[in-house]
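Worksheet: one structure, shown below.
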2 protein chains.
Amino acid sequence: MGKTTMADVAKKAGVSKSTVSQFLNERYEYMSPDTRIRIEAAIDELNYQPNYLARSLKQKRTSTVGIIVANIMHQFSTEVSRSVEDYFNKHNMHAIVCNADNDPEKEKKYIEMLRAKQVDGLIIFPTAQNADIYKNMIKEEYPVVFMDRKVPDLQAPTVVSQNIEATYSAIQHFIDNGHERIAIATEPLTISPRIERHEGYKKALHANGIKINPEFQISTSIDKIKKELDRLFQLDAPPTAILAGNDIVFIEVLEFAKEKKLEVGESFALVVFDNIPFAHFVHPPVTTIAQSAYMMGEKAADLLLKQINKEQIDRHEVSFPCELIIRDSSKRLKEK
Amino acid sequence: MGKTTMADVAKKAGVSKSTVSQFLNERYEYMSPDTRIRIEAAIDELNYQPNYLARSLKQKRTSTVGIIVANIMHQFSTEVSRSVEDYFNKHNMHAIVCNADNDPEKEKKYIEMLRAKQVDGLIIFPTAQNADIYKNMIKEEYPVVFMDRKVPDLQAPTVVSQNIEATYSAIQHFIDNGHERIAIATEPLTISPRIERHEGYKKALHANGIKINPEFQISTSIDKIKKELDRLFQLDAPPTAILAGNDIVFIEVLEFAKEKKLEVGESFALVVFDNIPFAHFVHPPVTTIAQSAYMMGEKAADLLLKQINKEQIDRHEVSFPCELIIRDSSKRLKEK
DNA sequence: CCGGTTTACTAAATCGGTTTAGTAAATGAA
DNA sequence: TTCATTTACTAAACCGATTTAGTAAACCGG
């Protein structure tokens with residue numbers, strides 16, 4: 001015998017399916033107290049659980065949204081996802097998180113899958129490699145919000161960090177502490193945050209009259225970061241300070257330091273873009289640039305829900321400031 | 001104008017819905033090559049995407065399973081989830097991860113939500129507080145696999161670690177390194193892994209003829225761990241070694257050490273139950289007990305899929321060994 | 001006590017697919 | 001040439017809800 005359906009409840013309570021449906025949707029005006037009690041009893045007795053699929057099919061809404069993160073290993077993605085989930089739970093909706101693993105193919109697959117499942121909207125950390133798909137969603141007016149990364153040539157609601165300003169202030173902090181040979185290491189410049197972080201870097205050096213040394217700008221894939229760092233430290237004048245472009249690059253820097261027996265904070269100063277949960281346990285405690293992950297998640301969720309509810313919203317970027325949290329790894333330069 | 005449906009495609013291709021459905025399900029024997037091409041063209045032209053809700057409603061399967069983790073902050077849960085996802089993706093199915101946040105109410109809500117969404121089965125890290133619900137699912141023969149924690153009095157497929165043996169070997173390692181005053185710290189003894197870890201602890205001490213000191217057994221909520229540790233270290237004979245019962249307790253131990261200016265590995269030896277991603281960056285590198293997360297995920301997924309496919313499976317526990325990874329934090333005892 | 005309103009319902013259509021049973025035309029064997 | 005089989009489809013029922021339009025009975029004011 002299959003699961004109990006609304007029809008079973010209706011029969012048991014001696015009413016029609018319609019009335020049971022009204023009951024479930026709490027439209028009690030449409031029935032007598034007596035009927036209401038009988039339906040309640042029947043539901044109880046049969047241990048009836050409604051089938052959301054059927055409901056969603058008819059209502060054309062699933063009360064579910066999708067989140068596609070580019071890389072679940074980033075602390076930032078996790079924090080944003082959590083925030084989005086909280087927001088939607090408050091609004092009696094659900095959020096499904098998928099990990100595109102930085103792979104445009106996977107991203108595409110997930111977008112298609114989630115849309116086939118009829119989720120009401122998507123928050124995407126875009127790989128930015130699926131321009132046609134993004135464009136199409138916008139054209140169809142399917143509810144989407146982009147997060148963290150701007151998609152070129154696309155007028156779409158996007159929530160980002162103020163990367164240029166944040167990087168600028170980190171570099172300024174280095175300079176204020178006497179550093180001049182400052183390096184930056186990020187993954188390849190394929191997405192806007194990385195490009196902007198390099199931009200902020202150059203701007204700060206320039207504003208302080210420090211000549212930009214292209215050798216000090218690393219932008220390569222994770223597996224090559226250590227090799228590049230090695231190259232830097234072979235120079236006659238190696239960097240005295242490094243900005244690690246995100247938490248994953250940070251790990252590489254740590255491993256590099258360990259292998260080469262360099263002391264973070266002693267051999268070179270370090271600032272990391274991104275919050276590190278272990279920031280004050282690693283030795284020494286590391287200076288970080290914290291993004292407003294929770295607020296950004298809320299904002300994105302809010303923009304998405306407004307679209308779902310057919311409210312008008314601005315179709316461009318909203319940016320959030322970052323906070324430089326100074327710990328021991330970026331102390332004043334000792335020797336010149 | 002709404003989304004394109006199968007009916008639109010059928011009309012455009014000049015065939016019936018049935019034939020389009022056959023096409024989508026790749027049952028090409030049922031149509032001429034000519035028809036096939038016309039349907040293909042129509043789908044393309046209309047940019048048609050099938051609606052999974054409708055399909056699932058009729059087929060009574062969603063090709064989706066749910067994973068309910070007790071606490072997403074545990075590295076172990078994340079690894080297992082990832083493994084389960086990989087497994088189901090290989091089988092053309094999807095996995096949805098939900099976080100019960102150690103809250104039985106949330107767990108209940110998620111079980112109900114996922115079942116209402118008609119997921120084909122569930123993998124649960126149970127809070128063990130919803131016995132009636134678990135029992136009911138087993139009785140209904142709804143596909144479920146429990147993970148990490150045994151539910152008392154329930155004959156259900158369950159995948160767990162060999163906690164007693166693993167803890168035993170960690171304590172033996174301490175003893176072999178000259179420690180006798182060994183403490184264990186876990187969260188409250190409400191679920192089987194914690195109980196078993198205390199059990200393995202006692203067994204190892206007993207086997208080595210060391211008297212068990214109940215004061216050295218901490219089992220309290222996270223926010224009280226530090227207070228208890230403080231109590232321990234106020235003793236005339238404080239512990240020289242500590243086993244942290246999981247990665248979250250580990251953080252507390254680290255914070256405690258930091259606050260009290262104690263040196264991990266010097267002031268006391270430390271082993272952590274659970275893999276720590278930063279294990280070799282914290283100072284000193286910390287000895288851990290690694291669970292076979294990936295294999296456990298695969299096994300659970302396999303047991304679940306078999307149930308979904310109505311294959312017969314054993315309705316009891318499968319246990320996996322752990323590995324003691326010795327690093328610097330559990331070095332030989334120096335002073336007596 | 002008559003016509004209109006309110007109350008308390010129900011029947012049937014609908015959502016967008018899948019699936020079953022059936023059919024007309026073409027092919028093939030005797 | 002005729003009957004059986006195969007080929008290439010289609011109509012309609014179905015999955016389990018929601019929702020719209022409709023109705024019978026009770027109520028009610030004049």
Side-chain angles (χ1 to χ4, degrees), chain A residues 1-40 42-43 46-64 92 112-113 115-120, chain B residues 1-40 42-43 46-64 92 112-113 115-120:
Chain A
M1 121 251 92
K3 278 205 73 174
T4 39
T5 74
M6 218 169 68
D8 302 325
V9 175
K11 192 188 287 179
K12 179 136 220 154
V15 295
S16 74
K17 282 201 306 176
S18 331
T19 306
V20 177
S21 174
Q22 302 291 15
F23 172 87
L24 287 170
N25 290 284
E26 300 180 313
R27 288 191 275 269
Y28 301 128
E29 329 82 87
Y30 294 111
M31 73 204 69
S32 66
D34 174 65
T35 310
R36 182 176 156 177
I37 289 165
R38 284 203 330 276
I39 295 176
E40 234 153 20
I43 287 178
L46 297 171
N47 189 26
Y48 166 72
Q49 302 284 139
N51 180 330
Y52 280 15
L53 290 187
R55 155 196 284 239
S56 299
L57 178 59
K58 177 68 200 200
Q59 290 193 152
K60 291 165 170 280
R61 330 183 269 101
T62 50
S63 298
T64 303
N92 280 314
E112 281 168 2
M113 186 270 273
R115 293 203 58 185
K117 287 198 174 183
Q118 312 296 119
V119 300
D120 298 337
Chain B
M1 123 248 97
K3 278 204 71 172
T4 37
T5 73
M6 218 168 69
D8 301 326
V9 175
K11 192 188 285 179
K12 179 136 221 153
V15 296
S16 72
K17 281 202 307 177
S18 331
T19 306
V20 178
S21 174
Q22 302 291 15
F23 172 87
L24 287 171
N25 291 285
E26 299 181 312
R27 288 191 275 269
Y28 301 126
E29 329 81 86
Y30 295 111
M31 72 203 71
S32 67
D34 174 65
T35 309
R36 182 175 155 175
I37 289 166
R38 284 205 330 277
I39 295 176
E40 235 153 19
I43 287 178
L46 297 171
N47 191 24
Y48 166 72
Q49 303 285 139
N51 180 329
Y52 280 15
L53 289 186
R55 154 199 285 241
S56 298
L57 178 59
K58 176 68 197 198
Q59 291 192 153
K60 289 164 168 281
R61 332 181 269 101
T62 50
S63 299
T64 303
N92 280 313
E112 281 168 3
M113 184 270 272
R115 294 203 57 186
K117 287 199 175 182
Q118 313 298 118
V119 300
D120 298 338

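Sequence lines set the chain letters: A, B, ... in the order given, protein chains first and strands last, and positions in each chain run from 1.
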- Message: Any side-chain N or O of A:R27 below 4.0 angstrom from OP1/OP2 of D:dT19?
- Response: yes
- Is B:S21 near enough to C:dT19 that one of its side-chain N or O atoms lies under 4.0 angstrom from OP1 or OP2? no
- Item | For B:N51, all residues meeting side-chain hydrogen bond (donor to acceptor under 3.5 Å, both in side chains), sequence neighbours excluded | none
- Return the set of residues passing side-chain hydrogen bond (donor to acceptor under 3.5 Å, both in side chains) with B:K117 (not counting sequence neighbours), or none when no residue passes. A:T64
Could you write out each protein N or O paired with an N or O of nucleotides 12-16 of chain C at a distance under 3.5 Å?
from: C:dT14; atom 1: O2; to: A:K58; atom 2: NZ; distance (Å): 3.0
from: C:dC15; atom 1: O3'; to: A:K60; atom 2: NZ; distance (Å): 3.4
from: C:dG16; atom 1: OP1; to: A:K60; atom 2: NZ; distance (Å): 2.6
from: C:dG16; atom 1: N2; to: B:A54; atom 2: O; distance (Å): 3.3

- Is it possible for you to check whether B:R36 lies under 6.0 Å from the centre of the six-membered ring of B:F23, through NZ or CZ, and within 45° of that ring's axis? no
- Item | Test item: B:Q118 and A:Y52 side chains (from C-beta on) under 4.5 Å apart, heavy atoms | no
Using a heavy-atom cut-off of under 4.0 Å over every strand shown, decide if [X] touches base, sugar-phosphate, or nothing.
X: A:S56; value: nothing
X: A:S32; value: sugar-phosphate
X: A:V20; value: nothing

- Item | For B:N92, all residues meeting side-chain contact (heavy atoms from CB on, under 4.5 Å), sequence neighbours excluded | none
- Which residues satisfy the salt bridge (charged side-chain N to carboxylate O under 4.0 Å, His left out) test with A:K12, sequence neighbours excluded? A:E45
Show me the protein contacts with nucleotides 21-26 of chain C, counting only N or O atoms at under 3.5 Å.
none

